[in-house]
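Letters go in sequence order (proteins before strands), and every chain restarts at 1.
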There are 2 protein chains.
Amino acid sequence: MVSRKEVAEKANVSQAVVSYVINNSNYVNAKTRERVEKVIAELGYRPNMIARSLKTSQSHHIAFVCNDFNNPFFPQIAADVTKAAFENGYLLSINDLGYDDTRIELLLQYKVDGMFIASDLFTSEEINAFAQQGIAIVLFSNRKYHNLDPSVACIKIDIYDGMSRLMIYLLGKGHRNFAFISSARFEKREEASGAPENYRYSAFKDRVAEWGGSEESFTIESVVAFDQIADIVNKLLHKRTKVTAIVAGNDAIAFMIIEYLQSRGVRVPQDVAVTGFDAIRYASIFSPKLTTVDLHLDWMSQTAITLLLRIIRKQPYKHVCWDSEVRIGDSA
Amino acid sequence: MVSRKEVAEKANVSQAVVSYVINNSNYVNAKTRERVEKVIAELGYRPNMIARSLKTSQSHHIAFVCNDFNNPFFPQIAADVTKAAFENGYLLSINDLGYDDTRIELLLQYKVDGMFIASDLFTSEEINAFAQQGIAIVLFSNRKYHNLDPSVACIKIDIYDGMSRLMIYLLGKGHRNFAFISSARFEKREEASGAPENYRYSAFKDRVAEWGGSEESFTIESVVAFDQIADIVNKLLHKRTKVTAIVAGNDAIAFMIIEYLQSRGVRVPQDVAVTGFDAIRYASIFSPKLTTVDLHLDWMSQTAITLLLRIIRKQPYKHVCWDSEVRIGDSA
DNA sequence: CTGTTAGCGCTTTCAC
DNA sequence: GTGAAAGCGCTAACAG
């Protein structure tokens, strides 16, 4: 692999000059510059980011962290974030950590400059520890965190409000018996993180309670693996008080539920209404078009990268919030 | 950020001993080891992979390269490959290069140890250049390449055969007027790469020709962006000789086509049959269940990582091939 | 069993 | 405008 030394020798300059040319960091005689550039092209020299990182202690490497790549929500965001990172000269590595705690350790050894955390699995303490190690952190938060380090930037979408409106829509349609089926994500660290109140869940509960729903009027279920959905839905179908609306924690789960219902001959939405959440791209492509909550995901990638870069460059920044919006489809 | 020096000082040993402990690369007195490990834990020291990489010229970093993360095919593979890489102590960065040539340049500066290329966009020359720079290359190839460097390992799925069988199935069902709609991927570099014969396309053509289909009996279309699908399908619907079977280049495209057809009131498969390709997870989840070709994608990730590691470790390896298989669903 | 040391490829200060 | 040199954190050969 050709190094800067060879370039310097062949161009009859010192290694410093090669640096100046590459980084445009110092005056270089036009003729010299040309000569160096020619040699670089001839030799196919490419600066070694690893050495540069070691010297500058900036890896130009950002990590996108999530825990369920099987939910199209994450790849969709990841693709956009990758693009935005690249455009700013950063490498983005996408990390689906799953439920495996050891993986983050490996990641930390690579000394990423920043992490975009789109996962509810970390406790405030863990996130703060990252930040205190000097890693820029942008957190897309679906739940409450207590005592986050002030250097952590949050992207907040008003999910509580979105779910509230969705529930109000369903109540308006006459639904009175609900089930809430969500991924198990937010439960795992419940103890560790104090009160990890998931906004989707709490809005669901609050609206049911507000209407005056009894214990009998709703069911809460959570799935870890998709193949559990059949069992859960089956259980619901056999409930004494018939569930008329299933509120899924995200679009991916909603689709699975609908598919299973249809395979059992249950019509959606005539027999049971099903709603999603997130408005992933597929929500409007696959049939039935999902009634879901639009998170305006297209704002996410630019916002995340902009925030990350501002933190890295020690520029001031603010937390970013935006609204979510109910989108009526054919499923409820 | 705490470095090895501090650990050494606090544990009253030389920096070398700290290395020995971490890497298990030399005898260390049990007591000393214990002392060092204690200090490491206390200080929360994490080895700096960047410095290590510079020294060993092994980045322990693998890149997954694709060009269309919007097709669920790629995230699905990416998730599995990430896991397999992690389990072997490698960081995997996922790179959706899109159609942007400059992005690969950035990636190369990071001196990845290997690349898993799941993209048809590179020419043999480009791939060979990567390999000659000492990057381990595993290529998931959908088309013919000429004169690939022998150090490039290929994962080949018998796609030609799969598409052939799919066509034979359709011909058996009485279809005689076809359209082939594929992503534009394989066309872009047509000139540059000599004869980039895409197996899906050639099998489609060959089977039609074999049956004796005239020029009128099939149409070839390719899409770059999903929103072109409406126009293309519209065009097909207005053809003089009515198309009865649409053969999509992949499942994602098939779903879009079906969705558009249904929105126009065209029934699938009664009015028009549609087939997919790849058997992504969603092919059997969303309705109608796709008639598609199963590529046994679950074999991919382990195979790719195993091959990559063998190349990196200079162990012998072989190209890997396996069959594809028609899976009959409800769409054709 | 432990320590000393050279050097990976680069940036950057300072001297010329 | 250009060059010499120090040093980022680590590994590994070698000496003791």
Inset, instruction - Using whole Å, report how far CD1 of I22(B) lies from C1' of dA12(D). - result: 14 Å
Inset, instruction - Check the distance between dG1(D)'s C1' and E34(A)'s CD and give it to me in whole angstrom. - result: 16 Å
Legend entry - All salt bridge (Lys or Arg N to Asp or Glu O under 4.0 Å) counterparts of K156(B), not counting sequence neighbours: none
Inset, instruction - Could you list all the ring pair (Phe, Tyr, Trp, His ring centres under 6.0 Å) pairs where at least one residue sits in residues 29-64 of chain A, not counting sequence neighbours? - result: H60(A)-Y90(A), H61(A)-H61(B), F64(A)-F116(A)
Inset, instruction - Could I get the full list of salt bridge (Lys or Arg N to Asp or Glu O under 4.0 Å) partners for K55(B), not counting sequence neighbours? - result: none
Inset, instruction - Scan residues 26-36 of chain B for pairs that pass side chain to side chain donor-acceptor pair (under 3.5 Å), counting only residues two or more places apart or in two chains. - result: N24(B)-R33(B)
Inset, instruction - Could you state the atom-to-atom distance from OH of Y27(A) to P of dT12(C) in whole Å? - result: 17 Å
Inset, instruction - Check side chain to side chain donor-acceptor pair (under 3.5 Å) between N95(A) and all other residues, then give those that pass, not counting sequence neighbours. - result: S93(A)
Inset, instruction - Would you mind telling me which residue lines up with the more 5' stretch of DNA chain C, V2(A) or R33(B), judged by nearest nucleotide? - result: R33(B)
Inset, instruction - Would you kindly give the CZ-to-C1' distance between R35(B) and dT2(C), to the nearest whole Å? - result: 11 Å
Inset, instruction - Write down the distance between NZ (K5(A)) and C1' (dA5(D)), rounded to a whole number of angstrom. - result: 15 Å
Legend entry - Nucleotide dT2(C), atom C1' - distance to CD of Q15(B) in whole Å: 13 Å
Legend entry - Nearest-nucleotide comparison on DNA chain C, the residue closer to the 5′ end among M1(A) and A16(A): M1(A)
Legend entry - Whole-Å distance separating the CG atom of N29(B) from the C1' atom of dG3(C): 15 Å
Legend entry - Close side-chain approach of F130(A) and I104(A), heavy atoms under 4.5 Å: yes
Using a cutoff of under 3.5 Å, can you pull out all pairs of nitrogen or oxygen atoms linking the protein to nucleotides 14-16 of chain D, with atom names and distances?
none

Legend entry - For R103(B), salt bridge (Lys or Arg N to Asp or Glu O under 4.0 Å) partners two or more places apart: D100(B)
Legend entry - Contacts of K111(A) that satisfy side chain to side chain donor-acceptor pair (under 3.5 Å) - sequence neighbours left out: none
Inset, instruction - Evaluate the side-chain proximity of N70(A) to F74(A): yes if any heavy-atom separation is below 4.5 Å, no if none is. - result: no
Inset, instruction - Counting heavy atoms from C-beta on, name the nucleotide in dC10(D), dG3(D), dC1(C) closest to the side chain of S3(B). - result: dC10(D)
Inset, instruction - Using a cut-off of strictly less than 4.0 Å between a heavy atom of the residue and any atom of DNA chain D, enumerate the qualifying residues of residues 44-60 of chain A by number. - result: L54(A), K55(A)
